[in-house]
Participant: 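Pasting in a structure now, in structure tokens, and then I'll have a few things to ask.
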Protein chains: 2
Amino acid sequence: MVRDKSLRETLHTSGRRLTRQRRLVLKVLEESREHLDAEGLHDRAKALDPNISLATVYRTLVVLKEMGLVEEHRLGEGHAHFETTQKTPHYHFTCSGCGRVIEFDAPQVVEVLRRLSKQQGLQVTSAHLLVTGLCARCREEGETGPGWGQ
Amino acid sequence: MVRDKSLRETLHTSGRRLTRQRRLVLKVLEESREHLDAEGLHDRAKALDPNISLATVYRTLVVLKEMGLVEEHRLGEGHAHFETTQKTPHYHFTCSGCGRVIEFDAPQVVEVLRRLSKQQGLQVTSAHLLVTGLCARCREEGETGPGWGQ
DNA sequence: GTCCATGCAAACTGTTTGCACGCGC
DNA sequence: GCGCGTGCAAACAGTTTGCATGGAC
């Protein structure tokens with residue numbers, strides 16, 4: 001794999017190593033275009049390496065976040081979801097009926113941030129627009145009994 | 001207190017009661033214009049009623065959220081912050097240096113949401129723009145050693 | 001008097017950490 | 001072979017819950 005080489009080098013500059021587990025976590029993240037949480041990530045990784053531990057998944061996520069390869073989002077609930085960093089910024093709508101996540105872009109947000117930094121003299125490092133509600137499908141099903149996954 | 005009456009009535013319609021503790025939690029929330037977390041809320045409440053328990057604070061927050069009087073935000077960290085619902089929507093900037101929270105408005109967001117609902121046929125129930133970075137003060141102190149509270 | 005709300009402690013969830021061993025470089 | 005990374009289990013933080021008692025209405 002070509003990317004392995006540059007990945008290894010990036011890790012190396014901070015005295016870190018490219019291990020089977022780190023490669024695996026990144027692979028799983030890249031291949032699933034959903035917003036997995038640590039547990040889901042661990043499950044998928046275990047399918048390929050039954051010995052990988054949840055602790056390693058968490059530790060790897062810290063490293064990948066530091067490298068800027070992965071972003072962490074709190075999509076409303078108490079636990080975090082992870083996705084590989086995209087070139088174009090995008091935001092998340094979470095359906096409170098079925099849990100589906102819809103990504104969307106909104107260029108106006110960048111303008112909001114620009115104005116905010118200028119007015120307050122501050123420096124923005126990350127921004128996220130988090131929307132919740134009912135998706136089209138769940139709206140149709142009405143108030144009575146969406147598929148709460150149960 | 002005048003508001004007590006309507007509060008009691010609202011609670012009553014869902015078979016609930018207005019207790020000393022519920023009144024107290026709401027009072028503390030209204031009087032502090034900061035973004036308290038459950039623990040901070042509990043501390044302040046204890047100053048007025050040393051017997052109030054953290055569990056009651058949490059249970060009361062659930063009720064107040066259901067009534068629409070209180071909003072819960074995850075300002076980046078792992079735990080939640082709470083504030084009374086404001087008439088004007090507003091969003092939060094959190095300084096990763098000193099932890100300070102700056103509120104700001106951004107009318108463009110409403111437009112984003114309108115477009116999103118229309119295009120996707122979905123219904124928005126809540127939206128939050130969450131920004132992190134360095135506030136003006138912490139920027140001045142430079143990269144080397146902001147006051148990380150320690 | 002009824003039934004919801006409270007306090008306490010224990011359970012639970014998501015995440016982090018200490019330690020001895022394993023493996024990348 | 002040095003030293004970071006791993007697996008495991010225990011620790012931890014934030015939040016929720018079961019149960020017996022207390023208090024609102």
Participant: Considering non-hydrogen atoms only, spot the tightest contact between Ser96(A) and Leu134(A) and give its length.
Facilitator: OG-CD2, 4.0 Å
Participant: Does the side chain of Thr84(B) reach to within under 4.5 Å of the side chain of Leu69(B), using non-hydrogen atoms?
Facilitator: no
Participant: dC25(D) P sits how many Å from Arg22(B) CZ, rounded?
Facilitator: 10 Å
Participant: Respond yes when some side-chain nitrogen or oxygen of Thr56(A) is under 4.0 Å from OP1 or OP2 of dG7(D), and no when none is.
Facilitator: yes
Participant: Rounding to an integer number of Å, can you tell me how far Lys5(B) NZ sits from dA24(D) C1'?
Facilitator: 17 Å
Participant: So, is Thr19(B) near the phosphate of dT6(C), with a side-chain N or O under 4.0 Å from OP1 or OP2?
Facilitator: yes
Participant: Run through His128(A), Lys65(A), His81(A) and flag the one making a side chain to side chain donor-acceptor pair (under 3.5 Å) with Glu72(A).
Facilitator: Lys65(A)
Participant: Between Arg16(A) (CZ) and dT6(D) (C1'), how many Å, whole number?
Facilitator: 15 Å
Participant: Write down the distance between CD (Gln21(A)) and C1' (dT6(D)), rounded to a whole number of angstrom.
Facilitator: 6 Å
Participant: From the list dC8(C), dA5(C), dC25(C), which nucleotide is the closest neighbour of the side chain of Ser53(B)?
Facilitator: dC8(C)
Participant: Does atom NE2 of His90(B) have more than 12 heavy-atom neighbours from other groups under 6.0 Å away?
Facilitator: yes
Participant: Give the B/S/- string for nucleotides 9-23 of chain C, one per nucleotide from 5' to 3', where a protein heavy atom under 4.0 Å of the base yields B, of only the sugar-phosphate yields S, and otherwise -.
Facilitator: -----SBBBB-----
Participant: Over how many whole Å does the gap from Arg23(A) atom CZ to dG24(C) atom C1' extend?
Facilitator: 10 Å
Participant: Is there a donor in the side chain of His73(B) and an acceptor in the side chain of His35(B), or the other way round, less than 3.5 Å apart?
Facilitator: no
Participant: Output the rounded distance in Å from CD1 (Ile52(B)) to C1' (dG22(D)).
Facilitator: 15 Å
Participant: Given atom NE2 of His42(B) and atom P of dA13(D), what is their separation to the nearest angstrom?
Facilitator: 17 Å
Participant: Between Val131(B) and Tyr91(B), is there a side-chain heavy-atom distance shorter than 4.5 Å?
Facilitator: no
Participant: Over how many whole Å does the gap from His12(B) atom NE2 to dC25(D) atom P extend?
Facilitator: 9 Å
